Amino acid sequence: MQANDVFFLLMGLSALAFYMGRGRSLEIAGELRGIRNLHSLPNYYGYYTALWCGLPALLLLCLWIIVDDPVIIAVVMDSLPGEVLPSNSVEHTLLANKINNLAVGVLPSAGQSEVLISAAQQLRDLTQLSRWGMAATVLCLALIGLAWGRSFVAAKFRARQRVEKVVQYALFACACLAIFTTLGIVLSVLFESLQFFKSVPVDDFVLGLEWSPQTAIRADQVGSSGSFGAVPLFVGTLLVSVVAMCIAVPVGLMSAIYLAEYANRSVRAYAKPALEILAGIPTVVYGFFAALTVAPYLRDLGESFGLSVSSESALAAGAVMGVMIIPFISSLADDVITAVPQAMRDGSLAMGATHSETVRRVVIPAALPGIVAGIMLAVSRAIGETMIVVMASGMAANLTFNPLDSVTTVTVQIVTLLTGDQEFDSPKTLAAFALGLMLFIVTLILNIVALQVVKRFREQYE
Amino acid sequence: MSNSNRNLKRIQSSLVWRYRAEKAFRWCGVVAVALGLLAVLALFSDIIIKGKGAFFATYMQFEVTYDQELLGIDNFADDQQLIIADWESLYKSALRADFPDVRKRADKRKLYALVSDGTGYDLKARLLADPKLLGQSEIIWLLADDDIDTYFKTLLDGNAYTARLTDNQVEWLEQLDGTERMRLQFNANFFNRGDSREPEQAGIKGAVIGSLLTLVLTLILSFPIGIAAAIYLEEFAPKNRWTEFIEVNINNLAAVPSIIFGLLGLAIFINFFHIPRSIPVIGGLVLAVMTLPTIIITSRAAITSVPPSIREAALGMGASRNQMVLHHVLPLALPGILTGAIIGMARALGETAPLLMIGMVAFIADIPGSFTEPATVLPVQIFLWADSPERAFIEKTSAAIMVLLSFLILMNISAVWLRKRLERRW
């Protein structure tokens, strides 16, 4: 019996428990003449019984699924005769995998030693036993829970409070998932990064000027220096982000100002959603646009001026990224600009300022914290943006500030290091996690600072 | 008097500049908005121009004889023989019959290259579906190779692209075209097939199904959990440090770059929990974790917008807090929550970067049938095709983008419709 069969049976049993608990309460109510003599509504007695039936059994099921494979494989490995047992842990795992493959039938048993075949047979038997054992114990527990929960049903029993308590705990658990996610991110990148920093010192990584992550398999291999200096990546990321910001900030800000302050109702009603289309387009589409349309166009344009523009230039990736960020900045700026009270504009206009002077001298300063925070969030988004740079910028780590050259970024390197087949604990793959850690820290700081800017400098007008 | 006159003059002369600045500022705004709209227009028109060709494919007319001897088998009912049969000889003989002058081996190979590599399989499927065809011959439209497809489409536009064809091939094609035996047909393969190395055989069905499976899982995981978390934070959470910590966490997670979630999936789900790579389960998990903060934030906004009077009325009638939330607040907030969920799903549908980390980037030709079969998703398919060197994949990529964008537009329109339809103003 598979785990999901047990799960569905359990759900069925819980539904049954609901009707039994409810039925019992109605019975009691019948003796007392009317459900108003019960403490809670009959449904709550049903829920209570169903919870007792389903919840402990479900927990047991999860626990069983988590522990059964390792336990079974450990039992099988223990029962192997000492001479076939390898000494180190890597070969130990390999042997365990081999037995597992034999048992599943991926590996044909022909030509394998007797010991392994019998171990595979034992593994199969134990797995089978464990499945049935799981089904039996889980369903037994469910039935015990059902009887137990039903035995509580009584006229004075406060079923509703109990059920609501469980619901509240469930809601609380869901809210706490956010913390577990953060914890998971931090632990996963931190743990792997620490492993990486064991082989590559932190200062070499953060301050090194050369990035070529190809590690040598043989000592005499050519072109495999294996140096992990991330400065070229940081510079590349910065360069692309600066280009993006040079486009997104003026265009985004000016269109927000125009739409909020000048445009009449009908223009605003059409232009604002039209601009926001840009925010809904997937980044892979921008990447395609950058790599196949913008980059060749810029290269040809550069040629006609006698400039040599790389076909994977930082300019192309940055420009398209800037277009992607325009709606992000314009909608955030629009929100803060419209939040500036009308009285301030009226005051300025009444003093004889023109409309643009009002905007520049009164509205923008009043909205500045919000705008700055928005730009910081946009920068963090530009730094973390992946697909556009993966598709439109290069792989070679050039240390340059020229936007016409090809550069590579942190996110590009994470993707190139982690896609494709490689063993998991080589410095090459671990370097990706170290880069991820950098990315996470930088974006986190930008976000926190942005929130602080808003909190600290926002002026309360109303 | 003279003083104030001078002042008036100064003001009037400065007014000219100030009005000019006013006008310039205004024009800057117009230009900015126009630039943004131009970007939208450029993006869409570029993709539509590049991709519209992919919805049609070039077919060539030949007379195919389903000859058992050609296939090299003696028993049509034997499955074993069907596998080893020389299906390609069916169309090869048809091509030879039309161009009998072609003698040399190299030339013949060029001749066979006119037709798509998968034609043998197509003819096999056709014959198996209708065994009565055996021994008969029929006039049939065969799918052309991608280079021929490019040639024919550019020919129709007036400027034929022949760089990847030999002179002989061009001559043969002109002969075929001259006798009206080449035409464009609706490209059903594009919607019915999985990925392929041959551009003319490649389709998006596998990716669309993969996206669907992944998205279903994302929705199942993130929607209930997101609502539950939002309810807790809005209605039950005590104002203390822990709650504040949760809120800060959620807000930060919403701004974490998506690629970091890919790293999380790789380190936790794949390396720690040993979930296999490339399957919709792992994709759904990662995207669910990624969209959760968005759904929590929009759900909270929807729940706060329900006026307190509703809550007070429910409590006043003797409802418990749970009943108040589940029976009154939640149903009223649901349109807003659904809108947020749809927008979150649209983001998840377009997401690529985290899926690259968890191995959904493999070449998968089969159409996935369940949550645990290797699959790829639409944006990743676009990424893979955009990386392919074949020229014909450019139009496939653009067409796949058009399909992806139309799904997204559909989702966004339904979100707007839902909001208009169900949202209540208090």
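Labels below follow one simple rule: chain letters A, B, ... track the order of the sequence lines, proteins then strands, and each chain is numbered from 1. As the structure is a computational prediction, the values presented were derived from the model and not from experiment.
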Checklist entry - In terms of heavy-atom pairs under 4.5 Å with chain B, which of A:Ile448, A:Val285, A:Leu177, A:Ile326 leads? => result A:Val285
Item to check | Contact winner vs chain A - B:Pro379, B:Gly36, B:Ala42, B:Ser320, heavy-atom pairs under 4.5 Å | outcome: B:Ser320
Item to check | B:Leu233 CG to B:Ile303 CD1 distance, which is reported to the nearest 0.5 Å | outcome: 9.0 Å
Next on the checklist: Taking the side chain as everything from C-beta on, heavy atoms only, tell me whether B:Ser211 gets closer than 4.5 Å to B:Leu349.
Outcome noted: yes
Checklist entry - Relative to chain B, which segment of A:Tyr286 carries a heavy atom at a distance below 4.5 Å: side chain, backbone, both, or neither? => result side chain
Item to check | Proximal component of A:Leu292, with respect to chain B [non-hydrogen, under 4.5 Å] | outcome: both
Checklist entry - Which bit of B:Leu408 is near chain A, if near means a heavy-atom gap under 4.5 Å: side chain, backbone, both or neither? => result side chain
Next on the checklist: Please classify the contact between A:Thr411 and chain B as side chain, backbone, both or neither, with a heavy-atom cut-off of under 4.5 Å.
Outcome noted: both
Checklist entry - Taking atom CZ of B:Arg26 and atom CE of A:Met254, what is their separation to the nearest 0.5 Å? => result 11.0 Å
Checklist entry - Of the listed residues (A:Gly384, A:Ser356, A:Gly436, A:Ala291), which shares the most heavy-atom pairs with chain B below a 4.5 Å separation? => result A:Ser356
Item to check | chain B interface, residue from A:Ile257, A:Thr181, A:Val320 that has the most non-hydrogen pairs under 4.5 Å | outcome: A:Thr181
Checklist entry - Checking A:Ile179 against chain B: side chain, backbone, both or neither under 4.5 Å from a heavy atom? => result both
Next on the checklist: So for B:Ile394, is it side chain, backbone, both, or neither that comes closer than 4.5 Å to the heavy atoms of chain A?
Outcome noted: both
Checklist entry - Which residue out of A:Ala173, A:Ala178, A:Cys174 racks up the most heavy-atom pairs below 4.5 Å with chain B? => result A:Cys174
Item to check | Heavy-atom contact with chain A under 4.5 Å, split by part of B:Phe236 | outcome: side chain
Item to check | From A:Ser188 atom OG to B:Phe269 atom CZ, the distance as rounded to the nearest 0.5 Å | outcome: 9.5 Å
Next on the checklist: Testing the basics here: between B:Leu43 and A:Ile281, what is the closest heavy-atom pair and its distance to 0.1 Å?
Outcome noted: CD2-CD1, 3.1 Å
Checklist entry - Checking heavy atoms, do the side chain of B:Pro293, its backbone, both or neither come under 4.5 Å from chain A? => result neither
Item to check | Region of A:Tyr270 in contact with chain B, defined by heavy-atom distances below 4.5 Å | outcome: neither
Checklist outcome for this item: Turns out that what part of B:Phe261 lies under 4.5 Å from chain A's heavy atoms comes down to side chain
Checklist entry - Side chain, backbone, both or neither: which part of B:Lys23 has a non-hydrogen atom closer than 4.5 Å to chain A? => result neither
Checklist entry - Which is it for B:Phe25 and A:Tyr262 under the side chain to side chain contact (heavy atoms under 4.5 Å, CB included) test, yes or no, and what are the steps along the way? => result CA-CA 10 Å; B:Phe25 191 74; A:Tyr262 287 97; 3.5 Å; yes
Checklist entry - Is A:Glu164 paired with A:Arg160 through a side-chain N to carboxylate O contact shorter than 4.0 Å? => result yes
Checklist entry - Does the side chain of A:Asp334 come under 3.5 Å of the side chain of A:Ser331 through a donor N or O and an acceptor N or O? => result no
Item to check | Contacting region of A:Val323 [heavy-atom separation from chain B under 4.5 Å] | outcome: side chain
Checklist entry - Side chains of B:Trp242 and B:Ile246: closer than 4.5 Å at any heavy-atom pair? => result yes
Item to check | Residue A:Phe288 versus chain B: region with a heavy atom under 4.5 Å | outcome: side chain
Next on the checklist: Quick check on A:Gln161: does its CD atom have over 12 non-hydrogen neighbours (other residues, nucleotides or ligands) under 6.0 Å away?
Outcome noted: yes
Checklist entry - Tell me, side chain or backbone of A:Val267 under 4.5 Å from chain B's heavy atoms, or both, or neither? => result neither
Checklist entry - Would B:Arg300 and B:Glu235 pass as an ion pair if we require N to O under 4.0 Å? => result no
Checklist entry - Looking at B:Glu351, B:Gln323, B:Arg347, which has the largest count of heavy-atom pairs under 4.5 Å with chain A? => result B:Gln323
Next on the checklist: Need one label for B:Leu253: side chain, backbone, both or neither, based on atoms under 4.5 Å from any heavy atom in chain A.
Outcome noted: side chain
Checklist entry - Which bit of B:Leu37 is near chain A, if near means a heavy-atom gap under 4.5 Å: side chain, backbone, both or neither? => result both
Checklist entry - Who wins among B:Asn412, B:Thr397, B:Asn251 for the most heavy-atom pairs under 4.5 Å with chain A? => result B:Thr397
Next on the checklist: For B:Ala353, which atoms come within 4.5 Å of any heavy atom of chain A: side chain, backbone, both, or neither?
Outcome noted: both
Next on the checklist: Looking only at side-chain N and O atoms, does B:Gln381 offer a donor or acceptor that is under 3.5 Å from a partner on B:Thr376?
Outcome noted: no
Next on the checklist: Taking the basic N atoms (NZ, or NE/NH1/NH2) and the acidic carboxylate oxygens, is any pair closer than 4.0 Å for A:Lys272 and A:Glu276?
Outcome noted: yes
Checklist entry - Counting heavy-atom pairs under 4.5 Å to chain A, which of B:Leu356, B:Thr352, B:Leu264, B:Asn322 comes out on top? => result B:Asn322
Checklist outcome for this item: When A:Val389, A:Val410, A:Val412, A:Leu435 are each screened for side chain to side chain contact (heavy atoms under 4.5 Å, CB included) with A:Thr237, the one that passes is A:Val410
Checklist entry - Considering only heavy atoms, which portion of B:Val30 lies under 4.5 Å from any heavy atom of chain A: side chain, backbone, both, or neither? => result both
Item to check | B:Asn240 side chain near B:Glu244 side chain, heavy-atom distance below 4.5 Å | outcome: no
Checklist entry - Hey, what do you get for CE (B:Met411) to CE (B:Met345), rounding to the nearest 0.5 Å? => result 7.0 Å
Checklist entry - chain A: which of B:Gly350, B:Ala32, B:Ala24, B:Gly262 shares the most heavy-atom pairs with it under 4.5 Å? => result B:Ala32
Item to check | A:Leu275 versus chain B, the contacting section by heavy-atom distance below 4.5 Å | outcome: both
Checklist entry - How long is the span from the CD atom in A:Glu192 to the CG atom in B:Leu266, to the nearest 0.5 Å? => result 8.0 Å
Item to check | Interface moiety of A:Val294 toward chain B, non-hydrogen atoms closer than 4.5 Å | outcome: neither
Item to check | B:Ile225 and B:Ile295: CA distance, side-chain angles, deciding distance, side chain to side chain contact (heavy atoms under 4.5 Å, CB included) verdict | outcome: CA-CA 9 Å; B:Ile225 295 179; B:Ile295 291 188; over 6 Å; no
Next on the checklist: Which atoms of B:Asp46 are under 4.5 Å from chain A, going by heavy atoms: the side chain, the backbone, both sets, or neither?
Outcome noted: side chain
Checklist entry - Side chain, backbone, both or neither: which part of B:Thr243 has a non-hydrogen atom closer than 4.5 Å to chain A? => result neither
Checklist entry - Quick one: what part of B:Phe272 sits under 4.5 Å from any heavy atom of chain A, side chain, backbone, both or neither? => result neither
